[in-house]
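Basis for what follows: all heavy atoms, side chains included, without hydrogens, waters or symmetry-related copies.
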Amino acid sequence: MINKLLVANRGEIARRVFATCRALGVATVAVHSDADADAPFVADADQAVRLPGNTPAETYLRIDAILDAARRSGADAVHPGYGFLAENAEFAAAVTDAGLTWVGPSAKAIAAMGDKMAAKAMLADAGVPMLPTWTDPAEVTAFPVLVKAAAGGGGRGMRIVRDAAGLAEAVAGARREAAAAFGDGTVFIERYVERGRHVEVQIFGDTHGTVVALGVRDCSIQRRHQKIVEEAPGVLPDDVRAELHEAAVAAGRAVDYVGAGTVEFLLAPDGQVHFLEMNTRLQVEHPVTELTTGLDLVRLQLLVAEGEPLPVTTTPPADGHAIEVRLCAEDPAQGFRPATGTLHRFAIPGVAAEFGPARGLRLDSGVVDGSTVSVHYDSMLAKLVAWAPTRTEAARALAGALARAELHGVATNRDLLVRVLRSAEFTAVDLDTGFLDRHPEVFAPLLPAEQLPVAALAAALSGAAERRAAAPVLAGLPSGWRNVPSFPQVTRFTVGDGEEIEVHYRLDRTGALAEWGRKGPLLTDPVEEGSSVNTELPVVELVTATPGRVVLDVDGVRRAFRVHRAGSSVFVDGPDGAASLTELPRLPLPTAELAAGSLLAPLPGAVTRVHVEVGQRVAAGDLLLTLEAMKLEHPVLAPADGVVTELPVPAGGQVETGAVLAVVDPEEDPQ
């Protein structure tokens, strides 16, 4: 019997496992890096052990440190979560050798499936259809191909290559990224199928010889080869579903599988099923299976680890439909690069349950208000899951909750997720792994650009209300009111990539909005000299304004805006979308001017390689250097033709956001 469980992981999966342990009466132990010392998962555990350092290699990838933490805390079992050491056969064997209960498949099964090439050969012999695969780039005979990490998943180390010219660099980059994510840089090459659907079967095995399929999930909506939307049951013909179940169970039986696992397939447009890989762990997307089967998969993991038989021996019928989205810290304005910072507010309305069964919305989150999003780990903040009797209802409920969420302080992929869920193609189940490539329209922000001025006005009026509420005298007078109308109030913000927007407004003696206007981007005509009103803007009446809520009548339609301030940052959530603004000081201090052509670090990280030299002439789009952050590589490209005049950071150097990485002078004479 398991009495005290150590979770060798972090974030939302650690919290998820702890939630089931609390329900079962199992004591819990967290391990944490220095960066995670104040993280919610540490607070959720009964005990916590520090792993000195910050990077995964220093902390969550150290088998010796985790086993020592188990010994010191008195844990008698270890759950690996997903990622890090979850599919590491050496770790599984070390846990077992230490006399602890390992919550997962045997080291032998992990090793068999972890060697993805050997796994393909084994299952091909069992009759499972396979894609052409190579380990030597020189042997590749057809394109396009997909370079994949042999030691892990999650899109890490994955590259699509469409011709022989780009293969060598893709393999090298994939190896570096895989080594950083999994501690193993081994990769292989697989034939890439255009417009294939990524489908997978949740399987479960016990020590009594039972292996059962728990249904099919569709995980086709992906970006950078990482799943962002998953659902169960996958919408498939009955015969295809049966074929997938049969192949997945056969894969599990081939390695005497015990515990939770996922067998992944590619479904080609012609209906052919191709085995991709078997993940010997619990998957990120397991909640959709839980909500449609009524099973707690973590509870089943613990029961099976204790030697109990599975309570289910056949595939349960799906009850309703569940859709999950991965909410990630990513900046849409920077090409969805991972984002860091402090979450000033993280609030999603209508959540029925966290980390457990929910008829409605379920939230599995690794963050709360005030959490710091670190550069050291991946960008996923939380998973939001909607269950409903039908797929259409689930998608609508999930999109609505996301759209109304207050996500302040760190840029996220929320708007993209909402647009995907509301798209006609998603509704029609017109899905494949290239969905986002074919539908660039879903990358547009929810808040239309033409509505940004009204959001900025709401932010300005909220600030005025806050100042008046704090005023020591004459607090009842409208902000900026004079007996004789004069100049309007002016509030300046930066938005997006740093563009300025200037809001002008004047209140009359009753507090009503007498006039308003703005200067800034997206005007069809510039504001006339001396004028504060732009006639292209909508007619707005102020209904009410408080520090946290502003209600405006916009062209005859009343709209409520929630406004939250954190220092100079102002977050406005309205009925049509959210805006993140930075209020500028009325009397700004002078700042140093950057050299023309300076390329700045978009987030903290390490320069892994420098591809050019000072004095070298480059063309627009040339690769200058590579920045590694949040387990991903980010290329830094020349913005224009010119000469490299500065490279202040050498390979291996650490940088903070905004640091100068390179300077390309477009005016430099090559002679």
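Not one N or O on the side chain of D218 forms a donor-acceptor pair closer than 3.5 Å with the backbone of V199. In this structure, the side chain of R419 does not engage the main chain of D415 through any donor-acceptor pair within 3.5 Å. Side-chain atoms of R175 never come within 3.5 Å of backbone atoms of D184 as a donor-acceptor pair (strictly under, hydrogens ignored). Remark: side-chain polar atoms of E58 are paired, donor with acceptor, to backbone N or O of N54 under 3.5 angstrom. The backbone N or O of P144 lies less than 3.5 Å from a partner atom in the side chain of R191, making a donor-acceptor pair. Panel note: side chain D34, backbone A37; no donor-acceptor pair is recorded below 3.5 Å. A donor-acceptor contact shorter than 3.5 Å links the side chain of R492 to the backbone of P585. Formation of a donor-acceptor pair under 3.5 Å by the N413 side chain with backbone atoms of C328 is found in this model. Side-chain N or O atoms of T59 include one that pairs as donor or acceptor with a backbone N or O of T55 at under 3.5 Å.
Taking each heavy atom of G605 and L627 in turn, the nearest pair found is C-CD1, 3.9 Å. In this structure, R224 and G335 approach most closely via the heavy-atom pair NH1-O, 3.7 Å. Taking each heavy atom of R559 and D576 in turn, the nearest pair found is NH1-OD2, 3.1 Å. For the residue pair P538 and V454, the shortest heavy atom distance occurs at CG-CG2, 3.9 Å. Closest approach of A459 and R565 over heavy atoms only: O-NH2, 2.7 Å. Contact record, V664 with A640: CG1-O, 4.0 Å, taken as the closest heavy-atom pair.
Between R223 and F443 the shortest side-chain heavy-atom distance falls below 4.5 Å. Contact annotation: the side chain of D331 never approaches that of V410 to less than 4.5 Å [non-hydrogen atoms, C-beta and beyond]. Between T645 and V614, the closest side-chain pair of non-hydrogen atoms is not below 4.5 Å. Two residues are said to be in side-chain contact when any heavy atoms from C-beta on lie closer than 4.5 Å; E285 and E231 fail this criterion. V325 places a side-chain heavy atom less than 4.5 Å from the side chain of L421. A heavy-atom distance below 4.5 Å is found between the side chains of S423 and F435. Here the side chains of F426 and I323 are in contact, with some heavy-atom distance below 4.5 Å. Side chains of E515 and Y505 form no contact here, defined as non-hydrogen atoms less than 4.5 Å apart.
Listed by chain and number, the residues in a ring-ring contact (aromatic ring centres under 6.0 Å, His included) with Y192 amount to none (sequence neighbours excluded). Every residue was checked against the salt bridge (charged side-chain N to carboxylate O under 4.0 Å, His left out) condition with R337, not counting sequence neighbours, and none meets it.
The number of heavy-atom neighbours closer than 6.0 Å to CG of D430, taken from other residues, nucleotides and ligands shown, is above 12. For E441, the CD atom is densely surrounded, since the number of other residues' heavy atoms within 6.0 Å is greater than 12.
Once rounded to the nearest 0.5 Å, the distance linking OG of S371 with NE2 of H344 reads 12.0 Å. Rounded to the nearest 0.5 angstrom, L327 CG and I348 CD1 are separated by 6.0 Å. With rounding to the nearest 0.5 Å, the separation of CG in L625 from CG in L647 is 7.0 Å. For the atom pair E264 CD and L276 CG, the distance stands at 6.5 Å (nearest 0.5 Å). Remark: S568 OG to L581 CG distance equals 10.5 Å, nearest 0.5 Å. Atom CZ of residue F493 and atom OG of residue S569 lie 11.0 Å apart, to the nearest 0.5 angstrom.
By the 4.0 Å N-to-carboxylate-O rule, E230 lies too far from K383 to be salt-bridged with it. Taking a cutoff of 4.0 Å between a charged side-chain nitrogen and a carboxylate oxygen, R159 and E177 qualify as a salt bridge. At a threshold of 4.0 Å, the pair E169-R609 counts as salt-bridged, since one of the basic side-chain nitrogens sits closer than that to a carboxylate oxygen.
Partner of L417 under the side chain to side chain contact (heavy atoms under 4.5 Å, CB included) criterion, chosen from V229, L398, I221, V442: V229.
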Verdict with reasoning, E324 to L384, per side-chain contact (heavy atoms from CB on, under 4.5 Å)
CA-CA 6 Å; E324 170 185 295; L384 187 63; over 6 Å; no
With side-chain contact (heavy atoms from CB on, under 4.5 Å) as the criterion, how do E502 and V490 come out once you've worked through the C-alpha distance, each side chain's angles and the decisive distance to 0.1 Å?
CA-CA 7 Å; E502 193 173 275; V490 177; 3.5 Å; yes
Derivation of the salt bridge (Lys or Arg N to Asp or Glu O under 4.0 Å) call for D432 and R438
CA-CA 10 Å; D432 63 77; R438 295 198 320 279; 2.5 Å; yes
Run the numbers on Q489 and H504 for side chain to side chain donor-acceptor pair (under 3.5 Å), then give the verdict.
CA-CA 6 Å; Q489 296 281 85; H504 301 234; over 6 Å; no
Applying salt bridge (Lys or Arg N to Asp or Glu O under 4.0 Å), run through K148 and E190 and close with a yes or a no.
CA-CA 8 Å; K148 301 175 70 172; E190 186 176 78; 3.4 Å; yes
Between E330 and R414, does the salt bridge (Lys or Arg N to Asp or Glu O under 4.0 Å) criterion hold? Intermediate values first, please.
CA-CA 9 Å; E330 297 174 334; R414 180 259 304 274; over 6 Å; no
Is there a side-chain contact (heavy atoms from CB on, under 4.5 Å) between F346 and L407? Walk through the geometry before answering.
CA-CA 5 Å; F346 184 82; L407 310 171; 3.7 Å; yes
Would R176 and E628 count as a salt bridge (Lys or Arg N to Asp or Glu O under 4.0 Å) here? Give the steps.
CA-CA 10 Å; R176 291 191 302 272; E628 182 185 296; over 6 Å; no
Using side-chain contact (heavy atoms from CB on, under 4.5 Å), reason through V660 and L600 one step at a time and then give a plain yes or no.
CA-CA 5 Å; V660 176; L600 309 183; 3.6 Å; yes
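Ring geometry, F571 versus H408: the interplanar angle falls under 30°, so the pair is classed parallel (tilted spans 30 to 60°). Between F84 and Y60, the angle of the ring planes stays under 30°, which puts this pair in the parallel group of the 30/60° scheme.
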Atom pairs and distances, donor-acceptor, side-chain atoms in residues 131-143, under 3.5 Å, two or more places apart:
unit_1 : atom_1 : unit_2 : atom_2 : d
T133   : OG1    : L131   : O      : 2.9
W134   : NE1    : E139   : O      : 3.2
D136   : OD1    : A138   : N      : 2.9

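Between E406 and H564, the side chains place no donor N or O within less than 3.5 Å of an acceptor N or O (distance only, hydrogens not considered). No side-chain donor-acceptor contact under 3.5 Å links H376 and S33.
R10 forms a cation-pi arrangement with Y377, by the criterion of a distance under 6.0 Å to the ring centre and an angle within 45° of the ring axis.
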